[in-house]
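For the numbers below, each heavy atom of this structure counts, side chains included, while hydrogens, waters and symmetry mates do not.
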Amino acid sequence: MSDVVRVGVVGLGFMGQTHVAAYQSADGVTLVAVADADEARRTGHASAGGNLDSGASSDRLFDPAAVRGYATAEELFANDDVDLVSICTPTPSHVDLAAAAMRAGKHVLVEKPIAVDTRQIERLAGIAAETKRYCMPAMCMRFWPGWTWLRDTIADKSLGQLRSLSLQRIGARPGWNGFYADTSQSGGALVDLHVHDSDFVHFCLGRPAGVTSVGHVDAVTTMYHYDDADLRVVAEGAWHHEGTDFRMRYVADFDAGTADFDIARDEPLQLARGGALTPVDLPAGNGYDGEIRHMVQAVAEGQSPDVTLADAIATHRLLDAERDSLERRVRVDLPRL
């Protein structure tokens, strides 16, 4: 591999454009190839879509004279100049494309959710082990400024013990691809949207003893039960009608203060402590930038990324329990480790 990580992006919809913009702003990496069936996208023209500002420019995303464009992923995978591939296509294609990329010798960053069926993620983990390639799930909240602060504050107990955590993620169902309306393909809001908060809960607090979920797959609220009966952890994820503003928020109550993050504010993270409410300074950028810089560094240094397919499997088993709770209207306990 060259000193600079050479990357290809498969799928140039909203998330593909987001990945392109993040690679363009990162050090030690160069975009060398893209693949999309849409010829206009292969010329670098951006299109609208998405809940959040992706960082992509309204101008051309890349110079088509410097970036090789392919109509199919298979053609891109055959390019020996590509070290790392981002898979940014609809969910049903993720596993097969990631598997093909690894078998072609590429490392892979694959968008969430990797699959609706947990068994497919387990199959992909076997292929990663067989090919000795890195395959990182794009769990961007683990890298999002303000959310990294929350993870660190829970771990270092600088505000004391966490007592309560509420997470909210709501918005309109994505309309830029028809597969989102088919629950069998997208998993609904439970798998496509709420996955972020389930993963973050598991990341920060470990696997819960059980879950109780109410609602349905497109509007779910889950209570995560831990052995500490005084700890309250709840997350809401929902797709509402077209035109609904996107909302991403958490409220975390500690012994010594309450942290409130709301992406809609100019200063998203505020801390109430000692009778005063003050903003918390956060690094610039977003979780997409963070996850991509992390993956590029992992490939460059030959070190496994911090987020792995084992993490994705654990999160999806948690989602499976939440789905079971929704369907049976009962608390579902998770097996002890």
Is a donor on one side and an acceptor on the other found under 3.5 Å between the side chain of Arg151 and the backbone of Phe203? yes
Checking side-chain polar atoms at under 3.5 Å, does Tyr224 have a donor or acceptor matched by the opposite partner on Ser198?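 Present: a donor and an acceptor within the cut-off.
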Candidates Glu236, Arg232, Arg249 - the one meeting side chain to side chain donor-acceptor pair (under 3.5 Å) with Ser166: Arg232
Would you mind listing every salt bridge (charged side-chain N to carboxylate O under 4.0 Å, His left out) that reaches into residues 126-137, with sequence neighbours excluded?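 Those involving residues 126-137 do not exist here.
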To the closest 0.5 Å, what do you measure between CE (Met136) and CD1 (Ile292)?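 Atom-to-atom, Met136:CE and Ile292:CD1 are 8.5 Å apart.
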Other residues, nucleotides and ligands only: do more than 12 of their heavy atoms fall within 6.0 Å of CG on Asp255?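 Yes, because the 6.0 Å sphere around CG of Asp255 holds more than 12 heavy atoms from other groups.
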Same apolar cluster: Leu318 and Tyr250, side chain cutoff 4.5 Å: yes
Side chain His94, main chain Glu111, donor-acceptor under 3.5 Å: yes
Can you spot which of Arg142, Arg207, Lys112 makes a salt bridge (charged side-chain N to carboxylate O under 4.0 Å, His left out) with Asp199?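 That would be Arg142; it is the only one of Arg142, Arg207, Lys112 passing the salt bridge (charged side-chain N to carboxylate O under 4.0 Å, His left out) with Asp199.
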Minimum heavy-atom distance Ala272-Leu277, with the two atoms named: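 Minimum heavy-atom contact is N-CD1, 3.9 Å.
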Residue pair Arg265 / Gln270, side-chain heavy-atom distance below 4.5 Å: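 Yes, close enough: below the 4.5 Å cut-off.
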Atom pair CG/CD of Asp228 and Gln161 - distance to nearest 0.5 Å: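 Reported to 0.5 Å precision, the distance equals 7.0 Å.
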Qualifying residues under side-chain hydrogen bond (donor to acceptor under 3.5 Å, both in side chains), relative to Arg123, sequence neighbours excluded: Asp96, Gln120
Would you name the heavy atoms of Ala284 and Pro145 that are closest together and state the gap between them? O-CG, 4.3 Å
Could you give all pairs that pass the ring-ring contact (aromatic ring centres under 6.0 Å, His included) test and reach residues 289-314, with sequence neighbours left out?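 Sorted result for residues 289-314: Phe143-His294.
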Are the side chain of Asp260 and the backbone N or O of Val251 linked by a donor-acceptor pair below 3.5 Å?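 No, Asp260 side chain to Val251 backbone: no donor-acceptor pair under 3.5 Å.
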Under the rule for salt bridge (charged side-chain N to carboxylate O under 4.0 Å, His left out), what residues qualify as partners of Asp320, not counting sequence neighbours?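 Scan of Asp320 (salt bridge (charged side-chain N to carboxylate O under 4.0 Å, His left out), adjacent residues dropped) gives Arg323.
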Has Arg273 got more than 12 heavy atoms of other residues, nucleotides or ligands less than 6.0 Å from its CZ?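 No, because the 6.0 Å sphere around CZ of Arg273 holds 12 heavy atoms or fewer from other groups.
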Is the NZ or CZ atom of Arg169 both under 6.0 Å from the centre of the six-membered ring of Trp144 and within 45° of that ring's axis?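 Relative to the ring axis of Trp144, which defines the angle, Arg169 lies outside at least one limit.
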Asp218 (side chain) donor-acceptor with Trp239 (main chain) under 3.5 angstrom: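 Pair absent, no side-chain N/O of Asp218 close to backbone of Trp239.
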Looking at every heavy atom in both Ala115 and Val191, which two are closest together, and how far apart are they? O-CG1, 4.1 Å
State yes or no: do Phe246 and Tyr288 share one hydrophobic cluster built from I, L, V, M, F, W and Y residues joined by side-chain heavy-atom distances below 4.5 Å, directly or via other members?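 Hydrophobic grouping puts Phe246 with Tyr288.
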Kindly say whether Val9 contributes a backbone atom to a donor-acceptor pair with the side chain of Ser86 at under 3.5 angstrom? no
When you check the gap from the basic side-chain N to the acidic O, do Arg331 and Asp333 get nearer than 4.0 Å? yes
same_hphob_cluster(Val110, Ile313) at 4.5 Å side-chain heavy-atom cutoff: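 Yes, it is one cluster - the side chains of Val110 and Ile313 are joined through contacts under 4.5 Å.
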Applying side-chain hydrogen bond (donor to acceptor under 3.5 Å, both in side chains) to Asp117 and not counting sequence neighbours gives Arg119
Taking Leu61's backbone N and O only, do any of them form a donor-acceptor pair with Gln24's side chain (distance below 3.5 Å, no angle check)? yes
Between Val108 and Ala101, which heavy-atom pair has the shortest distance, and what is it?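 For Val108 and Ala101, the tightest heavy-atom pair comes out as CG2-CB, 3.7 Å.
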Does atom CG of Asp281 have more than 12 heavy-atom neighbours, drawn from other residues, nucleotides or ligands, at distances under 6.0 Å?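 Incorrect, the count does not exceed 12.
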Keeping the roles fixed (side chain from Tyr134, backbone from Gly302), state whether a donor-acceptor pair exists under 3.5 Å.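 The answer is yes, because a donor-acceptor pair under 3.5 Å joins these two groups.
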Just by modelled atom types, is the Leu167 backbone N or O under 3.5 Å from a matching donor or acceptor in the Asp197 side chain? no
Do Asp38 and Leu12 make a side-chain contact, defined as non-hydrogen atoms from C-beta onward lying under 4.5 Å apart?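 When only atoms from C-beta onward are counted, Leu12 and Asp38 do not touch, as no gap falls below 4.5 Å.
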Is a side-chain N or O of His316 found less than 3.5 angstrom from the main chain of Val116, in a donor-acceptor match? no
To the nearest 0.5 Å, how far apart are CG in Leu271 and CH2 in Trp149?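 Result: 5.0 Å between the selected atoms.
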Closest heavy-atom contact between Val5 and Val296?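 Result for this residue pair: CG2-O, 3.8 Å.
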Would you confirm whether Asp311, through its side chain, and Thr308, through its main-chain N or O, come within 3.5 Å as a donor-acceptor pair? yes
Return yes when atom CD of Glu267 has more than 12 non-hydrogen atoms of other residues, nucleotides or ligands closer than 6.0 Å, and no otherwise.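 Counting other residues, nucleotides and ligands, CD of Glu267 stays at 12 neighbours or fewer.
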Would you list the pairs meeting salt bridge (charged side-chain N to carboxylate O under 4.0 Å, His left out) in which at least one residue belongs to residues 15-31, sequence neighbours left out? none
